[in-house]
Amino acid sequence: MKQPVVVKANNFGLLVILDSELEFEALCKAVGDKFRESANFFGNSDMAVGFEGRRLSEEEEGRLISAITENTSLNIICTVDNDPVREERFKRRLEAISNSQDLSMAKIHKGNFRSGQMMEFDTGVIIIGDINPGAKVIAKGNIIIFGALKGEAEAGSGGNDDTFIIALDMKPIQLRIGSLIARSSDSSLTEKRAKDTVPQVAFVENESIYIENLDKNIFDSLKI
């Protein structure tokens with residue numbers, strides 16, 4: 001069934017993709033439900049939000065923003081769209097709000113990913129929580145998980161094979177790094193596991209994805 005609301009993350013905030021045919025009252029409720037379910041994940045960050053999928057009046061846009069803020073602790077500082085001039089103005093504004101913080105740095109998100117959840121990042125990402133079976137995280141940069149990876153993770157989504165994935169408990173259903181894919185039952189996924197759970201890193205070498213225990217020698221060899 002088509003989801004009425006899909007949320008994606010980018011460098012500057014959240015993109016909310018809306019069903020083009022759903023009656024607005026039902027859509028507004030769906031937006032509230034979607035963000036309430038992920039409230040712990042989003043935390044209390046300052047965010048911009050953009051809407052796609054249908055044309056909205058100012059009143060409708062305001063109601064959707066209210067549906068988000070009433071169901072999360074997010075602070076929506078402004079809205080953006082696909083207008084490059086407006087996007088550039090927002091970028092400058094967010095940089096000022098963030099005290100000139102480097103927006104190319106990895107994002108930090110706290111919270112678990114449940115089955116059916118998917119988030120995409122235009123940077124690297126540090127996740128404080130678990131990625132459970134049926135959940136998926138995609139990032140253009142590296143992925144570092146202070147928790148368990150039991151779902152799917154894709155690093156280097158722009159085709160960068162030099163990225164890596166680190167997890168405290170590495171038990172993925174599927175990994176993708178750059179142009180390479182490996183599954184838990186795939187012989188191309190080479191693992192060295194200890195009996196006890198230890199931090200591990202997945203990386204590309206000789207056109208294969210390897211998982212190794214994360215020690216100083218491995219860490220020093222990673223391209224960060």
Side-chain angles (χ1 to χ4, degrees), residues 1-10 14-19 22 26-27 29-43 45 47 52-53 67-68 71-74 106-159 163-191 193 197-204 209-211 214:
M1 180 182 295
K2 180 181 178 182
Q3 297 185 44
V5 180
V6 176
V7 180
K8 292 186 177 182
N10 57 35
L14 299 173
L15 177 63
V16 183
I17 303 172
L18 306 170
D19 187 290
L22 190 64
L27 181 67
K29 182 180 183 302
V31 168
D33 292 344
K34 184 76 170 181
F35 277 85
R36 184 169 58 254
E37 291 170 359
S38 304
N40 291 336
F41 173 79
F42 291 124
S45 305
M47 284 281 186
E52 282 191 2
I68 295 171
N71 288 283
T72 67
S73 298
L74 288 173
K107 290 185 176 296
I108 299 176
H109 279 272
K110 182 179 180 180
N112 297 327
F113 286 84
R114 298 187 299 275
S115 178
Q117 285 186 305
M118 189 278 285
M119 289 291 287
E120 186 172 353
F121 300 88
D122 288 342
T123 63
V125 62
I126 299 170
I127 296 169
I128 304 173
D130 299 334
I131 301 177
N132 289 306
K136 184 174 184 179
V137 172
I138 302 172
K140 284 190 175 180
N142 303 312
I143 299 175
I144 299 175
I145 304 160
F146 289 98
L149 171 55
K150 300 178 182 179
E152 299 182 38
E154 177 181 345
S157 61
T163 52
F164 57 82
I165 300 169
I166 291 175
L168 298 186
D169 186 8
M170 183 79 76
K171 298 175 182 176
I173 293 174
Q174 177 175 291
L175 294 178
R176 179 165 186 160
I177 300 178
S179 59
L180 298 172
I181 300 176
R183 298 172 178 84
S184 59
S185 60
D186 196 330
S187 61
S188 67
L189 185 61
T190 302
E191 304 178 67
R193 294 190 187 275
T197 299
V198 296
Q200 294 183 305
V201 57
F203 59 94
V204 172
I209 294 178
Y210 291 82
I211 291 180
L214 186 61

> Distance check, rounded to the nearest 0.5 Å: Ile143 atom CD1 versus Thr123 atom OG1?
10.0 Å

> With side chains defined as the heavy atoms from C-beta onward, is the minimum distance between Ile68 and Leu14 less than 4.5 Å?
no

> By salt bridge (charged side-chain N to carboxylate O under 4.0 Å, His left out), which residues pair with Lys110, not counting sequence neighbours?
none

> Could you tell me how the ring of Phe121 sits relative to the ring of His109: parallel (under 30°), tilted (30 to 60°) or perpendicular (over 60°)?
tilted

> Ignoring hydrogens, what is the shortest heavy-atom contact between Leu175 and Ala202? Give both atom names and the distance.
CD1-CB, 3.6 Å

> Classify the side-chain pair Glu120/Ser157 by whether it contains a donor and acceptor separated by less than 3.5 Å.
no

> Could you report the tightest heavy-atom contact between Gly124 and Ala139, atom names first, then the distance?
CA-CB, 4.4 Å

> Looking only at heavy atoms, what is the nearest atom pair of Phe164 and Val201, with distance?
CB-CG2, 4.0 Å

> Measure the spacing between CG of Asp122 and NZ of Lys8 and express it to the nearest 0.5 Å.
10.0 Å

> Give, for atom CZ of Phe113 and atom CD1 of Ile127, the distance between the pair rounded to the nearest 0.5 Å.
4.5 Å

> Report the residues that fulfil salt bridge (charged side-chain N to carboxylate O under 4.0 Å, His left out) with Asp33, sequence neighbours left out, ordered by chain and then residue number.
Lys29, Arg36

> Hey, is the main chain of Asp130 close enough, under 3.5 Å, to the side chain of Asn112 for a donor-acceptor pair?
yes

> Where the side chain of Asp169 meets the backbone of Gly147, is there a donor-acceptor pair that is under 3.5 Å apart?
no

> How many angstroms lie between atom NZ of Lys107 and atom CD1 of Ile126, to the nearest 0.5 angstrom?
12.0 Å

> Ile145 versus Val137: any side-chain heavy-atom pair under 4.5 Å?
no

> Report the residues that fulfil side chain to side chain donor-acceptor pair (under 3.5 Å) with Lys150, sequence neighbours left out, ordered by chain and then residue number.
none

> Taking all non-hydrogen atoms of both residues, which atom of Gly158 and which atom of Lys140 are closest, and how far apart?
N-CG, 4.5 Å

> Roughly how far, to the nearest 0.5 Å, is CD1 of Ile209 from CD1 of Ile177?
4.5 Å

> Restricting to non-hydrogen atoms, name the atom on Gly134 and the atom on Ile173 that form the minimum distance, rounded to 0.1 Å.
N-CD1, 4.1 Å

> Val31 and side-chain contact (heavy atoms from CB on, under 4.5 Å): which partner among Val5, Val7, Asn71?
Val5

> Taking all non-hydrogen atoms of both residues, which atom of Gly141 and which atom of Ala155 are closest, and how far apart?
O-CB, 3.4 Å

> Between NZ of Lys171 and CG of Leu149, what distance do you get to the nearest 0.5 Å?
11.0 Å

